[in-house]
**Q** 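First the structure, then my questions, so here it is.
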2 protein chains.
Amino acid sequence: MFERSPAERPMPTSTIEDYLKAIYAEQLARPGERVTTGRIAEALSVTPGTATSMMKTLANAGLVSYEPYGGVTLTGAGEALAMRVLRRHRIVELFLVEVLGMDWSEVHPEAERLEHVVSEKMLERMDALLGRPTFDPHGDPIPTARGDVATTDHPSLLTCEPGRHRVARVLDQSADFLRRLDRCGVVPGEVATVGARDDDGPVVVETTSGRHAFDRAAAAQILVEPVQDPATRS
Amino acid sequence: MFERSPAERPMPTSTIEDYLKAIYAEQLARPGERVTTGRIAEALSVTPGTATSMMKTLANAGLVSYEPYGGVTLTGAGEALAMRVLRRHRIVELFLVEVLGMDWSEVHPEAERLEHVVSEKMLERMDALLGRPTFDPHGDPIPTARGDVATTDHPSLLTCEPGRHRVARVLDQSADFLRRLDRCGVVPGEVATVGARDDDGPVVVETTSGRHAFDRAAAAQILVEPVQDPATRS
DNA sequence: GTAGATTTTTTGAGTAGTCAAAACTTCGGG
DNA sequence: CCCGAAGTTTTGACTACTCAAAAAATCTAC
Ligand SMILES: [Mn+2]
Ligand SMILES: [Mn+2]
Ligand SMILES: [Mn+2]
Ligand SMILES: [Mn+2]
């Protein structure tokens with residue numbers, strides 16, 4: 001009868017944190033659209049009924065606005081919480097790579113668990129040790145402590161001009177794909193030279209490790225930033 | 001009817017890991033005795049009924065032997081699991097102090113959560129970075145990966161000979177007590193000179209930070225190791 | 001614009017963990 | 001030997017999360 005009383009703000013469970021992250025990711029992927037329970041269920045590998053009941057829980061907690069048969073959107077509080085979790089996730093990932101020397105292909109599952117238990121204090125220490133980083137190992141932007149995220153707008157290997165580019169971000173973060181990119185030297189920060197493309201063939205890029213071909217689906221997952229290179233410019 | 005089938009070994013929950021640690025600690029504190037459900041309830045801040053029902057769960061999983069009204073003891077499997085959690089806990093604590101610069105008085109609650117989510121891989125990296133340590137920030141021994149723990153047998157400030165001693169271990173790990181010891185310079189590795197004691201007065205020790213008095217209860221919590229100091233020996 | 005497919009919600013049930021309070025053992029005096 | 005105190009177990013209930021399958025709503029295509 002009287003849900004959502006003002007004072008009682010029980011600590012969000014890790015399940016709730018993961019749902020909010022998933023909703024945020026879906027919202028980013030299709031801006032403007034409401035996120036359906038089906039997509040959420042898919043993203044979290046639960047049955048549709050489970051997602052529906054969780055949406056009611058989130059709505060009651062004031063974290064999403066939920067319209068039966070009409071999907072959800074994050075409220076301000078929901079987005080703020082999603083940002084805090086995303087910040088923890090990405091700082092942890094970078095920490096695992098930079099400080100513990102783990103591989104960028106294996107840090108995601110670890111961060112998926114750590115993001116729920118790392119204290120504010122510990123996060124601050126990691127952030128400081130890393131030098132207040134702004135991007136994680138996959139090139140994803142790290143939200144600030146106040147919850148702001150940089151929105152970048154990079155072309156992909158499929159849409160960029162031919163020429164020299166710096167790898168900025170990798171969207172497909174499956175371990176296999178990341179390991180393959182590692183072998184190719186196609187990792188954020190590295191420079192790759194994109195060859196001339198035809199309309200439906202693979203994209204060929206050259207890195208320090210040689211020449212590599214990516215099919216169009218793979219190429220679309222790799223975002224780049226043109227390099228202003230005086231040496232190559234006329 | 002057929003509980004404890006051989007193949008099904010569901011991953012232990014963090015709750016189970018905490019119960020096993022608590023049982024292990026009680027078992028260490030009173031060797032030989034069976035651990036009562038009451039003590040376990042006390043240690044984990046749950047009601048006695050909750051502890052009882054968890055003991056049945058643990059017994060079914062083959063982790064303790066449970067006798068109604070007769071307490072529990074860890075089985076081999078239970079002790080092995082307790083050791084693995086304790087190893088994670090203590091390596092995490094040392095990591096937080098040594099690498100992230102956190103205070104020894106604040107790392108316990110953090111480790112209490114992290115111990116359940118740190119992967120084998122991440123633990124190995126931390127262990128390597130720390131140089132395969134054998135003691136945590138409180139002087140507690142770190143079990144080996146194979147599950148062996150060093151059993152030390154140090155006198156306390158209350159039972160040691162007067163003279164120079166190296167602080168080896170602190171048993172009371174409440175944040176307040178640890179902060180106080182920090183201010184006194186009474187931390188594992190530091191040397192303290194213990195003055196002559198009378199039968200029921202406080203214990204007076206001298207460290208680089210000056211002269212400090214500990215009441216007998218506090219003194220019993222601080223374990224030390226005599227220093228073989230050529231300069232002071234005749 | 002209605003039939004059939006698709007999606008979403010509801011219902012009923014189960015696991016893990018917990019508490020409050022009643023019921024039951026055990027054990028230490030007297 | 002028995003009685004009461006102390007400790008332990010049982011019972012009934014609750015929260016959080018989940019699934020399977022039935023029911024309902026919505027969408028799509030003729
Ligand atoms: Mn997660
Ligand atoms: Mn990432
Ligand atoms: Mn714990
Ligand atoms: Mn410790």
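Protein chains get the first letters and strands the later ones, always in sequence-line order, with residue 1 at the start of each.
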**Q** Write down the distance between NZ (K56(A)) and C1' (dA16(D)), rounded to a whole number of angstrom.
**A** 15 Å
**Q** Quick one: which of dT10(D), dT8(C), dC19(C) gets closest to the side chain of T37(A)?
**A** dT8(C)
**Q** How many Å lie between CG on L58(B) and P on dT9(D), as a whole number?
**A** 13 Å
**Q** Return yes when atom CD of E42(B) has more than 12 non-hydrogen atoms of other residues, nucleotides or ligands closer than 6.0 Å, and no otherwise.
**A** no
**Q** If you compare every side-chain N and O of T13(A) against the phosphate oxygens of dC17(D) (OP1, OP2), does one of them come in below 4.0 Å?
**A** yes
**Q** Are E115(A) and K21(A) ion-paired here, with the side-chain N under 4.0 Å from a carboxylate O?
**A** yes
**Q** Does a side-chain N or O from T36(A) land closer than 4.0 Å to OP1 or OP2 of dT8(C), or not?
**A** yes
**Q** dT18(D), OP1 or OP2 - any side-chain N/O from T50(A) closer than 4.0 Å?
**A** no
**Q** In whole angstrom, give the distance that lies between atom CZ of R39(B) and atom C1' of dA6(D).
**A** 14 Å
**Q** On DNA chain D, compare the nucleotides closest to A51(B) and P68(A); which residue's is nearer the 5' end?
**A** A51(B)
**Q** Whole angstroms only, please: what is the NE2-P distance between H116(B) and dG17(C)?
**A** 12 Å
**Q** Expressed in angstrom and rounded to an integer, what is the separation of M55(B) atom CE from dT9(D) atom P?
**A** 10 Å
**Q** For T15(A) and for G49(A), find the nucleotide of DNA chain D with the closest heavy atom, then tell me which residue's nucleotide is more 5'.
**A** T15(A)
**Q** At less than 4.0 Å, is any side-chain N or O atom of Y69(B) found next to OP1 or OP2 of dA23(C)? Yes or no.
**A** no
**Q** Could you check whether D127(B) pairs with R132(B) (Lys NZ or Arg NE/NH1/NH2 to Asp/Glu carboxylate O, under 4.0 Å)?
**A** yes
**Q** If you only use heavy atoms from C-beta on, which nucleotide in dT18(C), dT10(C), dT18(D) is closest to the side chain of V46(B)?
**A** dT18(C)
**Q** What's the closest nucleotide to the side chain of Y66(A) if the choices are dT9(C), dA20(C), dT10(C)?
**A** dT9(C)
**Q** State whether T57(A) places a side-chain N or O below 4.0 Å from either non-bridging phosphate oxygen (OP1 or OP2) of dC17(D).
**A** no
**Q** Taking the six-membered ring for Trp, are H138(A) and W104(A) parallel (under 30°), tilted (30 to 60°) or perpendicular (over 60°)?
**A** parallel
**Q** Using whole Å, report how far CG of L44(B) lies from C1' of dA16(C).
**A** 15 Å
**Q** Distance check needed: dG17(C) P versus D18(B) CG, whole Å only.
**A** 11 Å
**Q** For DNA chain D, which residues of residues 77-84 of chain B approach it to below 4.0 angstrom with any heavy atom?
**A** none
**Q** Salt bridge or not for R169(B) and D140(B), using N-O below 4.0 Å?
**A** yes
**Q** Below 4.0 angstrom, N of the basic side chain to O of the carboxylate: do K121(B) and E110(A) qualify?
**A** no
**Q** Hey, which of I222(B), D215(B), L223(B), V203(B) is the one that makes side-chain contact (heavy atoms from CB on, under 4.5 Å) with L158(B)?
**A** V203(B)
**Q** I want to verify a distance call: between dT9(C), dT10(D), dC17(D), whose nearest atom is closest to the P48(A) side chain?
**A** dT9(C)
**Q** Using whole Å, report how far CD1 of I16(A) lies from P of dT15(D).
**A** 14 Å
**Q** Could you grab the distance from atom CD1 of I142(B) to atom CG of L94(B), nearest 0.5 Å is fine?
**A** 5.5 Å
